[in-house]
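Just so it is clear: chains get the letters A, B, ... in the order the sequence lines come, proteins before strands, and each one is counted from 1.
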There are 2 protein chains.
Amino acid sequence: MRFYQSITADITIFTIKDGQLKVLLIKRTNEPFKNKWALPGGFLYQNETPEKAALRVLKAKAGIKNVYIEQLYTFGGFGRDPRGNIITVAYFALVPREKIKISRSDKIQTPTFYSLKKLPSLAFDHGRIIKYALKRLQAKLEYTNAIYALLPEYFTFNQLQKAYEITLGTKLDKRNFRKKFLMLKLIKPTKKMLRGTRQRPAQIYQFVSRKPAELKKFF
Amino acid sequence: MRFYQSITADITIFTIKDGQLKVLLIKRTNEPFKNKWALPGGFLYQNETPEKAALRVLKAKAGIKNVYIEQLYTFGGFGRDPRGNIITVAYFALVPREKIKISRSDKIQTPTFYSLKKLPSLAFDHGRIIKYALKRLQAKLEYTNAIYALLPEYFTFNQLQKAYEITLGTKLDKRNFRKKFLMLKLIKPTKKMLRGTRQRPAQIYQFVSRKPAELKKFF
DNA sequence: CCAAAAGTGTTGACTGTACACCCATGT
DNA sequence: ACATGGGTGTACAGTCAACACTTTTGG
């Protein structure tokens, strides 16, 4: 016996903006949940893998590719979606805010970055998905180099530390942070300094590699 | 636009048997991959969630319920399955071998536990799935109490340590292991001793709780 | 009394954490 | 000159890893 299901791919797109961790939401223009905020996503095309669908949506809604993306969980079940038993493969993506280009054609859906602390009421079970994604993101920061995906190519140590503090929601000790992070050898100093601020210029760093990798230990 | 896909749920069922970590495989009786070994699994029924399908398969093939089960990953893509773009939600389950009851009606499929070190040639991309499941299992042992799911209700410290050694594939120091594990307060001694062996009798322990839980730290 | 696994502590190395001051610049 | 974030080192505590002998039983 063989049955057929509808599958959607939904993405939680994280970025750091205005010193806060934010998620991209769009306003639904169709039923169900018309006019409610939701994660970008959509049905898989015929012969499309969930991953490809997620990348397609990412490109369409945020104008970005070559981005850190990872499968989160597959949700299924009645009650999630009034249209019936729809199965959703959820992804999360990390994007430095410079890379995001909101498409003009999507104006109607008003894609907006919401702070995780002030989320609006959400369609489907997207609140749950976002919570789950945040938990995963925080876990990932502790044993992978994923933080690179939230930072621009060149950055100061302070920006790096802030990125951790914002996503983990904790304060970190400046000296200990430096020590630990330098030991990991993930970043290297460039020849540039950040000048023009009215303080001592800051060394500018870049990641040795901008590819996902696991660490032996961290935090 | 809305399309429909076929979805399967496949399970990697782990158990410890004869001092080895083993996986339950069945011999396929139909094309494709007829007569090849494969993970138990099957298509989702209409209106069935992936999780329910996994539990159904688990019950049918290994005669067990109330078991540690966890979603692993959702695989999709051409090339995986010659029938086309079939999407598979993979699960893994941990079962103490006492609980397993292979159903007689399944004799034709000859469900068999294979050691992870001596796997036969496998159907689909099931080799990859098993590898992935093993990695996840090993990771889980380091920050959860999942080991309980591989052990019977009553066990000795030695069995516990062996369970870790077998699944992680490493030798552990007896004294350090005891110290660390007792600190976690996951197990308590019962009033029974294992007698009848020709050595000093061993204290019999049981888990305080047989529910999944995360640890602050471990291994 | 012998074989076999059960049970038990100490030490040194390392890792993580707490903590405060001087530096270089722009205004 | 001063305000601002940039940059640096040390000491203590806690955790982890290495290591060997005595105990209790059954045969």
Side-chain angles (χ1 to χ4, degrees), chain A residues 16 18-19 138-139 141-144 147 151-152 154-166 168-206 214-219, chain B residues 16 18-19 138-139 141-144 147 151-152 154-166 168-206 214-219:
Chain A
I16 292 177
D18 310 324
Q138 292 175 336
L141 289 185
E142 304 203 346
Y143 69 95
T144 72
I147 196 74
L151 289 168
Y154 299 100
F155 54 88
T156 65
F157 233 112
N158 203 263
Q159 282 178 277
L160 177 63
Q161 185 176 339
K162 282 268 160 54
Y164 268 99
E165 290 180 340
I166 289 165
L168 295 178
T170 55
K171 283 269 161 209
L172 298 171
D173 180 88
K174 195 167 41 153
R175 283 164 293 187
N176 294 337
F177 180 82
R178 275 183 115 87
K179 244 183 300 175
K180 267 200 272 186
F181 211 91
L182 286 173
M183 270 199 292
L184 296 174
K185 310 243 182 194
L186 295 177
I187 57 173
K188 60 182 178 195
T190 65
K191 282 166 192 156
K192 299 201 173 171
M193 303 286 277
L194 181 68
R195 310 189 143 270
T197 63
R198 62 184 261 189
Q199 309 89 312
R200 174 172 174 179
Q203 180 63 244
I204 291 177
Y205 290 85
Q206 63 181 320
E214 299 215 351
L215 312 176
K216 337 268 135 129
K217 262 193 182 186
F218 198 49
F219 287 114
Chain B
I16 292 178
D18 310 324
Q138 291 175 336
L141 289 185
E142 303 202 347
Y143 68 95
T144 73
I147 195 74
L151 288 169
Y154 298 100
F155 55 89
T156 65
F157 232 112
N158 201 264
Q159 282 177 278
L160 177 63
Q161 184 175 340
K162 283 267 162 55
Y164 268 98
E165 290 180 342
I166 290 166
L168 296 177
T170 55
K171 282 271 161 207
L172 299 170
D173 179 87
K174 194 166 41 151
R175 283 164 294 186
N176 293 339
F177 180 81
R178 276 183 114 88
K179 243 182 300 177
K180 268 200 269 186
F181 212 90
L182 287 173
M183 269 198 292
L184 297 173
K185 308 245 182 193
L186 294 176
I187 58 173
K188 58 182 178 193
T190 65
K191 283 166 191 157
K192 298 201 175 172
M193 304 285 279
L194 181 67
R195 311 190 141 267
T197 64
R198 63 183 260 189
Q199 309 90 312
R200 175 171 174 178
Q203 180 64 246
I204 292 177
Y205 290 84
Q206 63 181 321
E214 299 215 350
L215 311 176
K216 336 269 135 126
K217 262 193 181 182
F218 198 48
F219 286 114

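- Using modelled atom types and a 3.5 Å distance limit, the side chains of A:K162 and A:N158 yield a donor-acceptor pair.
- Remark: P of C:dG16 and CD of A:E142 are 12 Å apart, rounded to the nearest angstrom.
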Report the C-alpha distance between A:Y154 and A:Y205 in whole Å, list the side-chain angles of each, state the deciding distance to 0.1 Å, and finish with yes or no for ring pair (Phe, Tyr, Trp, His ring centres under 6.0 Å).
CA-CA 6 Å; A:Y154 299 100; A:Y205 290 85; over 10 Å; no
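- The residue A:D173 sits close to a base: some heavy atom pair falls under 4.0 Å.
- We find that CZ of A:R178 is positioned 15 Å from P of D:dG5, with the value rounded to whole Å.
- Here D:dG5 presents its C1' atom at 9 Å from NZ of A:K162, a figure rounded to the nearest Å.
- With C:dA5, D:dG7, C:dG7 as the candidates, the nucleotide lying closest to the side chain of A:A202 is D:dG7.
- Comparing B:N158 and A:M183 along DNA chain C, the residue whose closest nucleotide (by nearest heavy atom) sits nearer the 5' end is B:N158.
- Heavy-atom distances under 4.0 Å link DNA chain C to no residue of residues 185-196 of chain B.
- Residue B:R175 places a side-chain atom within donor-acceptor reach of the base of D:dA20, judged by atom type and a 3.5 Å distance cut-off alone.
- Counting to the nearest Å, the C1' atom of D:dT25 and the CZ atom of B:R200 are 9 Å from each other.
- In the set C:dG7, C:dT17, D:dT8, the nucleotide with an atom closest to the side chain of B:Q203 is C:dG7.
- Atom NZ in B:K171 sits 11.5 Å away from atom CG in B:D173 (nearest 0.5 Å).
- One N or O on the side chain of B:Q159 and one on the backbone of B:T156 form a donor-acceptor pair closer than 3.5 Å.
- Taking atom CG of A:L160 as the reference point, atom P of D:dG7 lies 12 Å away to the nearest angstrom.
- The residue B:T197 sits close only to the backbone: its heavy atoms come under 4.0 Å of sugar-phosphate atoms, none of a base.
- For the residue pair B:Q161/B:E165, the side-chain donor-acceptor check at 3.5 Å is satisfied.
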The test is side chain to side chain contact (heavy atoms under 4.5 Å, CB included); show your working for B:F157 and B:Q203 and say whether it passes.
CA-CA 7 Å; B:F157 232 112; B:Q203 180 64 246; over 6 Å; no
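- Here the CG-CD1 distance, from B:L168 to B:I166, works out to 10.5 Å after rounding to the nearest 0.5 Å.
- Between the C1' atom of D:dT24 and the CZ atom of B:F157 lies a distance of 19 Å, rounded to the nearest Å.
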Can you give the donor-acceptor pairs under 3.5 Å from side chains of residues 183-195 of chain A to other protein atoms, not counting sequence neighbours?
from: A:T190; atom 1: OG1; to: A:K192; atom 2: N; distance (Å): 3.2
from: A:T190; atom 1: OG1; to: A:I204; atom 2: O; distance (Å): 2.7

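- Proximity note for B:K174 (side chain, C-beta onward) versus C:dA5, C:dT25, C:dA6: the nearest is C:dA6.
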Distances under 3.5 Å between protein N/O atoms and the N/O atoms of nucleotides 10-14 of chain D, please, pair by pair.
from: D:dT10; atom 1: O4; to: A:K179; atom 2: NZ; distance (Å): 2.9

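- Comparing C:dG7, C:dA4, C:dT17 against the side chain of A:K180 picks out C:dT17 as the nearest.
- Taken to the nearest 0.5 Å, the NZ atom of A:K180 stands 11.5 Å off from the CG atom of A:L215.
- At least one side-chain heavy atom of A:F177 sits less than 4.5 Å from a side-chain heavy atom of A:L160.
- The side chain of B:R198 approaches D:dG26 more closely than any other nucleotide in the set C:dC19, C:dT8, D:dG26.
- Regarding A:F177, its CZ atom lies at a distance of 18 Å from the C1' atom of C:dC19, rounded to whole Å.
- Taking atom CZ of B:F155 as the reference point, atom P of C:dA5 lies 20 Å away to the nearest angstrom.
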